Structure formats: structure tokens, C-alpha cells
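Along the sequence shown, residues are numbered consecutively beginning with 1. Being a predicted model, the structure only gives us computed values, none of them experimental. Ligands are counted one by one from 1 in listed order, and the atoms in each one are counted from 1 as well.
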Amino acid sequence: MLLLARQCSRSRVCIPKVSRPIQRRQITQDVQITRTGRPIISVRGGRSSLGGHTCTVFGATGFLGRYIVNRLARAGNTVVVPYREEMTKRHLKVAGDLGRVVFLEMDLRNTPSIEESVRHSDIVYNLIGRDYYTKNFTLEDVHVEGAARIAEACAKYDVDRFVHVSTYNADKNNNTCEFFRTKGLGEQVVRSIYPETTIVRPAPAYGAEDRLLNRLATVTNLLTTNWMQERFWPVHAIDVGRALEVMLTDDTTAGQTYELYGPTNYSMAEIAELVDQEIFKNRRHINLPKRLYQPLAKVLSTVLWWPTVTPDEIEREFHDQVIDPNAKTFADLGIEPTELKNVSFEYLVGYRPSRYYDLPPMSEKERREEKKYLHVID
Ligand code: NDP
């Protein structure tokens, strides 16, 4: 006591120490100026963040669309989703806070509806594409004319950035495959209208609702023509979504072409084998000669009113993925692509028969992670 009194008298001030929890509010605020001089103010705050950008995502109702809408909306950006059919867009509403995702009805042949969708935005993503022609739209209507209308609307309203999603192997000189040819033409047309267009060429993508792993796992008899020998670098849909998100803020991506592909080259047969191992089933693969399968597909796609295989999709089986050496990749965006084998279990576990429900680890990934059981049921 005496010692404490002496110390106090020496320093003259004696404040008793009280430990109190200190509450700190971290507000990270950022201001950016876009190409057209528009200020973007962003504030981080969980689900109620303010991203500051207004983004339009054409083709958001498809498989890849949800991965970019989710990223943009949860960062607090306003996302305009042009749609054709009420039921296809419902799942996107909850991607962000209330009012962040705005839906607008649009038709690819209706220019005012396209302009209405882009006029308030500072970035426009075009993910519209079709693997097959329909009775209303040819591949050229969708990939060339539709893309041109969107690019024209972006140029007319001086939208800061335009990101056009094309495909791997897009080549306007490809005379055998209509899909790759029209996608190549689309790239050329959008660049001529809007020169700063960022072109993205994803490899065949896998994810929760993909047309790669799910297709191989679902069908009992898989019809093919090339003995599943086509080779490509499958890419994770989440990585593509991340890359598209990076393009929002990185203006150096303007005017560039990106090839987005995974780290490993597989043949379709190798992926089918991986799928069979994961789901503990042996899917039957029937190989038909091209000269027989293509006319059959033509008849089926004309007679049947639901999408079946088209001759052009069969032709695509004879094209390996070719990477453009001049294009940029994930590495230029600072993203490390995911390895298919590390995540295939997540997407395929639902296809396992119920008798394998509670077994010890079976896949490579589980073995590595030393998981003892897939599910513990009491
Ligand atoms: P989906 O087929 O799942 O979705 C396509 C989107 O385009 C849908 O939103 C669809 O709208 C829209 N769309 C198609 N035709 C029209 C039309 N005539 N008018 C208006 N909208 C239309 O494609 P993905 O999400 O898988 O792919 C997105 C883009 O990436 C596409 O351009 C595709 O070619 C390309 N790509 C995809 C790959 C993949 O593995 N998934 C690989 C390489 C490239 P709606 O829902 O109303 O039908």
C-alpha cells in the first residue's frame, strides 16, 4: 500500500487499470473511378456489403451464370438479370441481400429490352450460349447476332466493361463444327463493335449442375462416336466464377482474351472411369460409327420436341481442346485452378447406391484426408 502511494505521488497521476472489452468497428471503404469517370464506393459489411457496381449478367439462368451472380451479389453489387422464363431465375434471388438482384424480362431479338438491361450498368457479362439449335434460334442467331446486339447496346450506353463468354476451340475458320465456328465469329463481331471486350474461353466445366460429370453418372447407356478419345482440360465452375469476378475490378483485363482451363488434361474415357470409381457403378458405353449416329441424331432432333443430341454435338467429340498460346490464363488473374480429382467426390456422392452409404473411405481424396467414414449414422 505504502509502495503504491509512493509511486502515485511520484507520477502525480494514478489511474486504476480497468480491463474493459473494446469494441472495434472495422469499416473498409474504397473509392474507385471507372473508365467513364463514374465513382464506385464500396463498403465491406458481410451480407449487407455495398459493392458499388451495377452489373448485368446475360445468360445468368444457365449453369455458369449462378456462379458469377452469387459472387457479385454477395459482395453487395446490384446485379441485373435479364431472363426469358419466370421459373429459371428463382434461385438467383437469394444470391444477395434484398433488392440486390434485379430481374428484367428480355428477348434476344428485342433490342430495346437488351438496352434496358444494360443502360444503368458499368459492367456487362454475356454468358448466353446454346449447345444445340432450337426451332426458334440457330447457333448463329445466338452466338453471333445475339452477341452483336448486346455489344452494340454496351457501346451505345458507354458501359465501362464488357465480358463475353465464348468457348474453348472458338474458331471462325472451323468448317466442320458449327458451335466452334459461330462462337469464333461471335468473338470477332463483338471485338469489332466494342474493342475493349474481354473474351473468356472456358474449357468444359464441371460443378453441381454440370453437363459433364452428371451426364456421365446419370445415363446407363452412354452413346458416343469417338470411343471417348477427345482430350481437354476440365475446369471447375467455381474457378470460372472467381475469374469473372476478378475481371470486375481489374481493368487490365479489358481487351484481353482468357483461356480458362484446369490443371490436368483428360480424355473423356479417363473422366468416365473416374466417375465409375466414385459412384461404384459401371456405366455402359456404346460406340456408334459417326456415319450412322449423325443421321440418326438429325432425325431425332427434328422429330422430337425435347433436346436430344444433334449432329454438331457429335462432331465436337472429334475435336481435342487446343489452347491459344497468346491468350492469358488463370495464372494472370492470380487464381490456382482446382484439380478435378480433388472435388469429384462432392459432386458424385449422390449417385452412389445406398448400400455404399456408410462405408470407409473409397476415393483417393478421402484416403488422403484420412476420413474414417463418409457419414456417421447412429
Ligand atoms: P447454359 O446452357 O447452362 O445456359 C445458357 C444461358 O443462355 C441460359 O441462361 C439461357 O437462357 C441463355 N440462352 C440460350 N439461348 C438463348 C436465347 N436464344 N435467348 C436468350 N437467352 C438464351 O450454358 P452454361 O451456363 O453452361 O454456359 C455459359 C456460356 O459458357 C455459354 O455461352 C456456353 O457456350 C459457354 N461455355 C460453357 C461451357 C460449359 O462447360 N458449361 C464450356 C465452354 C463454353 P434460358 O435459361 O432462358 O434458356
Side-chain angles (χ1 to χ4, degrees), residues 56-70 79-92 103-111 113-114 117 125-150 163-171 177-187 190 199-216 230 232-241 243-244 257-262 266 268 271 306-307 310 312-313 316 319 321-323 340 347:
T56 301
V57 185
F58 287 97
T61 51
F63 160 54
L64 283 179
R66 68 198 66 189
Y67 292 92
I68 178 62
V69 171
N70 182 35
V79 187
V80 179
V81 174
Y83 70 97
R84 300 194 289 177
E85 216 276 309
E86 279 286 331
M87 299 297 271
T88 58
K89 58 149 172 88
R90 296 183 308 168
H91 59 286
L92 298 171
F103 297 103
L104 283 178
E105 202 168 348
M106 184 270 320
D107 188 285
L108 206 52
R109 290 202 175 107
N110 184 337
T111 309
S113 75
I114 295 175
S117 307
Y125 293 92
N126 177 25
L127 276 79
I128 289 182
R130 259 295 168 262
D131 286 346
Y132 48 86
Y133 54 81
T134 60
K135 64 179 187 297
N136 293 317
F137 291 93
T138 62
L139 295 186
E140 195 144 336
D141 290 340
V142 179
H143 300 149
V144 188
E145 284 174 29
R149 267 190 214 114
I150 294 171
V163 179
H164 176 72
V165 179
S166 181
T167 180
Y168 66 100
N169 287 0
D171 177 9
C177 181
E178 182 73 356
F179 180 77
F180 293 142
R181 191 183 68 81
T182 53
K183 280 285 193 180
L185 273 175
E187 286 184 3
V190 294
I199 289 175
V200 178
R201 295 181 185 152
Y206 59 89
E209 313 82 9
D210 65 7
R211 292 182 294 274
L212 181 61
L213 302 181
N214 286 295
R215 179 170 155 259
L216 291 170
E230 66 273 27
F232 52 90
W233 284 263
V235 67
H236 199 196
I238 293 179
D239 291 339
V240 178
L244 293 176
T257 302
Y258 287 84
E259 292 260 9
L260 302 183
Y261 54 95
Y266 290 92
M268 189 62 104
I271 298 180
W306 62 85
T310 61
D312 196 60
E313 286 173 278
R316 248 177 280 167
H319 292 259
Q321 183 180 0
V322 180
I323 309 282
L340 168 64
Y347 299 123

For this session: State whether the shortest distance between N or O atoms of Thr88 and N or O atoms of ligand 1 falls below 3.5 angstrom.
Result: no

Exercise. Is Ala203 in contact with ligand 1, taking contact as a heavy-atom separation below 4.0 Å?
Worked result: yes

Problem set entry | Per-residue contact class, Phe179 against ligand 1 - non-hydrogen pairs under 4.0 Å | side chain

For this session: Check each heavy atom of Glu85 against ligand 1 and say whether those closer than 4.0 Å belong to the side chain, the backbone, both or neither.
Result: neither

Problem set entry | Shortest protein heavy-atom distance from atom 13 (N) of ligand 1, along with the residue and atom involved | Ile128 CG2, 3.7 Å

Seminar exercise, completed: atom 29 (C) of ligand 1: closest protein heavy atom, distance to 0.1 Å, is Leu127 O, 3.2 Å

Problem set entry | Lys/Arg-Asp/Glu bridge criterion (N-O < 4.0 Å) met for Arg66, Glu209 | yes

For this session: Counting heavy atoms only, name the option from Tyr125, Phe137, Tyr206, Phe232 that's nearest to atom 18 (N) of ligand 1.
Result: Phe137

Seminar exercise, completed: for atom 3 (O) of ligand 1, nearest protein heavy atom and its distance come out as Phe63 N, 2.9 Å

For this session: Could you check if a side-chain atom of Ser113 sits within less than 4.5 angstrom of a side-chain atom of Leu104, using non-hydrogen atoms only?
Result: no

Seminar exercise, completed: atom 48 (O) of ligand 1: of Arg130, Arg66, Met106, the nearest heavy atom sits on Arg130

Exercise. Does the distance from a Lys or Arg side-chain N to an Asp or Glu carboxylate O, for Lys183 and Asp171, drop under 4.0 Å?
Worked result: no

Seminar exercise, completed: min-distance protein heavy atom vs atom 46 (O) of ligand 1 -> Thr61 OG1, 2.7 Å

Exercise. Tell me: protein heavy atom nearest atom 32 (O) of ligand 1, and distance?
Worked result: Lys183 NZ, 2.7 Å

Exercise. Do the side chains of Met106 and Val81 get nearer than 4.5 Å, heavy atoms only?
Worked result: no

Exercise. Which residue holds the protein heavy atom closest to atom 47 (O) of ligand 1, what is that atom called, and what is the gap in Å?
Worked result: Arg84 NE, 3.0 Å

Problem set entry | Of the listed options Ser166, Ala205, Gly62, closest to atom 35 (C) of ligand 1 (non-hydrogen atoms) | Ser166

Exercise. Is ligand 1 under 4.0 Å from a heavy atom in the side chain of Arg201, in the backbone, in both, or in neither?
Worked result: neither

Exercise. Does the ring center of Tyr347 lie less than 6.0 Å from the ring center of His236?
Worked result: yes

Seminar exercise, completed: Note: Leu108, heavy atoms under 4.0 Å from ligand 1, region reported as side chain

Exercise. Are Arg316 and Asp131 close enough for a salt bridge, meaning some N to O gap below 4.0 Å?
Worked result: yes

